[in-house]
Amino acid sequence: MNTPINDPSDLMALGQRHLWGHFTNLSAVQRLGLPIIDHGDGAYVYDTDGKRYLDGLSGLFTVNVGHGRPELARAAADQSEKLGYFPLWSFGHEPGIRLAAKLASLAPGDLNRVFFTVGGGEAVESAWKLAVQYFTNIGQPNRRKVISRYYAYHGTSLGALSITGIPAIREPFEPLFSWAIKVPNTSQYRCGMCAEQNACSLDCADEVERTILREGPETIAMVVMEPVQNTGGALVPPPGYWKRIREICDKYGILLVSDEVICGFGRLGYWFGCERFEYQPDMITFAKGVTSGYAPLGGVIVSDRLAAPFLEGESAVFLHGLTFGGHPVSCAVALANIEVMEREDLLGNVRRNEAIFDEVMESLRDLPFVGDVRGCGYFRVVELVKDKATKQSFTDDECNWLLRDELSPHIYNAGLICRADDRADPVLVLSPTLVCGEEELRFIGKVLTDALTHAATAFTNR
Ligand SMILES: Cc1ncc(COP(=O)(O)O)c(C=O)c1O
């Protein structure tokens, strides 16, 4: 089926018949169809009718340099012509080597060695396997467990899903790995830990230590967390959290993995979120923004200390591989993508516009249903509550109606793509492309203001 389909309704019918979307309700697609995006340009995408939308989610936290970049397309085409594929299994290729060196130069401290994957979940799972094999190599074979936070999303393959803490997407596949332990996240709006105290005492971090002691420190290989957790809604940790987590890991000889699949490559105004929060991880997992989605790529940046045992002797091979991990075309695209970020100072753009984004988000606070606004860099959410005074949330039916029947269509029709997410408490998630400036950020504020104001009236008259 190589001929283009020019009639949007034919395309829709074909999609309804054959396409199986990810985390997509197929019966809703049969009834209602699905939005089909045709092309993109900068901060915007266009549907098959030519209607323009501000891409307020960067595809899926991915298209950091914006859409329609000819230099990224050229990098892919040039590399395909030169060497379309070769594995990194006992071979190297130029884009893979250059990208590994580039990432090592961008990553903090002694994170100097890169293991490539195809995507983010594989990166997380690779980090876990690497941690387990590292500890076996240094004579601590009982260290197999991994600690992550409730509701955090780290991928969907069975290993990564064990680390993921979202009950709804885990339950159909349980039992998962029992070695994957969960600890509280850092919801400052709904903290159930320090809520009775006058100020945050970092009890959420202390619970990590209590969990380690309960499980047995000698059984824990690694702690994996996002700098700012996505699920639950851009959960920015309280001051001091990361310092405490690093200290706890060091105290018990546990590896700290910063899952930067979303937070890396400028999302928080830095190459990596750990720089913003000033902690040094032992591994960084990345994907998405490394290529801005123009080609699939992920990986793990590993410290020299961790790689050291693998540099000694024949038996120390990391027993893990993926045919397409570090695909040469993807690596060439990543190099071009990083070049664009540097040339256009996109990290600086995020930092310069943060105050405007703060102001836009704060202006939403007094609107109906807005319980909290939070986040940093170009990663923000609005948390929705039924009762602002008590923080009472909606019933499942109300939430479904509010997010799916009311807010999502209203926002989309107004020309903005963002994400309504109720895998934890309901939030509207914003993660615009890093090329956005004041005009686009204020547009986001305007659309959300209209949508929430309309929703309040519609909720009463429902
Ligand atoms: C923090 C984090 N880790 C891992 C993943 C999984 O990445 P992928 O979908 O590329 O497997 C995601 C995906 O959104 C993510 O947000």
Side-chain angles (χ1 to χ4, degrees), residues 21-24 57-64 115-131 146-166 168-170 173 176 180 182 185-186 222-237 242 256-268 272-274 276-277 281 283-301 320 322 324-327 330 333-334 337 375-381 418-419 421 423-424 427 429-431:
H22 299 207
F23 285 113
T24 299
L57 202 60
S58 299
L60 196 56
F61 312 95
T62 295
V63 190
N64 290 9
F115 182 91
F116 287 114
T117 63
V118 185
E122 286 171 352
V124 171
E125 208 166 304
S126 301
W128 189 10
K129 288 180 76 174
L130 206 153
V146 50
I147 290 179
S148 59
R149 294 186 291 210
Y150 290 116
Y151 287 105
Y153 183 92
H154 295 286
T156 51
S157 61
L158 290 175
L161 187 61
S162 303
I163 300 177
T164 288
I166 304 173
I169 66 169
R170 290 168 51 94
F173 308 102
L176 293 159
K182 302 292 171 289
N185 50 50
T186 58
M222 69 186 219
V223 168
V224 55
M225 296 172 173
E226 295 166 87
V228 173
Q229 182 176 310
N230 177 32
T231 317
L235 299 174
V236 180
W242 278 113
L256 177 57
V257 180
S258 192
D259 185 355
E260 307 250 3
V261 167
I262 288 179
C263 293
F265 300 97
R267 178 65 43 211
L268 306 185
F272 298 103
C274 57
R276 181 167 183 139
F277 295 100
M283 291 189 257
I284 286 177
T285 49
F286 65 91
K288 296 187 186 274
V290 66
T291 60
S292 288
Y294 284 70
L297 186 68
V300 194
I301 316 178
H320 186 56
L322 301 150
F324 290 141
H327 193 288
S330 302
V333 169
N337 178 57
C376 60
Y378 274 18
F379 187 20
R380 310 283 179 140
V381 301
C418 73
R419 186 189 216 184
D421 185 359
R423 293 173 300 175
V427 286
V429 186
L430 297 156
S431 133

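Just so you know, ligand 1 is whichever comes first in the structure, and atom 1 is the first atom listed for that ligand. Start at 1 with the first residue, then count along the sequence.
Annotation: atom 11 (O) of ligand 1 to nearest protein heavy atom, Gly121 N, 2.7 Å. In terms of protein heavy-atom proximity, atom 3 (N) of ligand 1 is nearest to Asp259 OD2, 2.7 Å. The protein non-hydrogen atom at the shortest distance from atom 2 (C) of ligand 1 is Tyr153 O, 3.3 Å.
Asn337 and Thr291 share no donor-acceptor pair across their side chains, judged by distance under 3.5 Å alone. In the model, Ser58 has a side-chain atom that pairs as donor or acceptor with a side-chain atom of Arg267 under 3.5 Å. One side chain, Ser157 or Glu125, offers a donor N or O that lies under 3.5 Å from an acceptor on the other.
To the nearest 0.5 Å, atoms CG (Leu430) and CZ (Arg419) are separated by 12.0 Å.
The ligand atoms of ligand 1 that sit less than 4.0 angstrom from a heavy atom of Lys288 are 13 (C), 14 (O). Shown in contact with Gly119 at under 4.0 Å from a heavy atom are these atoms of ligand 1, numbered in order with element: 10 (O). Within ligand 1, the atoms closer than 4.0 Å to a non-hydrogen atom of Ile262 are 16 (O), numbered from 1 in the order shown. Each of the following atoms of ligand 1 lies closer than 4.0 Å to a heavy atom of Glu226: 1 (C).
Neither the backbone nor the side chain of Phe61 comes within 4.0 Å of ligand 1, counting heavy atoms alone.
Side-chain N or O atoms of Asn230 include none that pairs as donor or acceptor with a backbone N or O of Gly232 at under 3.5 Å.
The aromatic rings of His320 and Phe115 sit parallel, their planes meeting at an angle under 30°, below the 60° perpendicular limit.
By the 3.5 Å distance cut-off applied to N or O atoms, Ala287 is not counted among the residues near ligand 1.
For atom 9 (O) of ligand 1, no protein heavy-atom neighbour is present inside the 4.0 Å cut-off.
Under a cut-off of 6.0 angstrom, the local environment of OH in Tyr151 is sparse, with at most 12 non-hydrogen atoms contributed by other residues, nucleotides or ligands.
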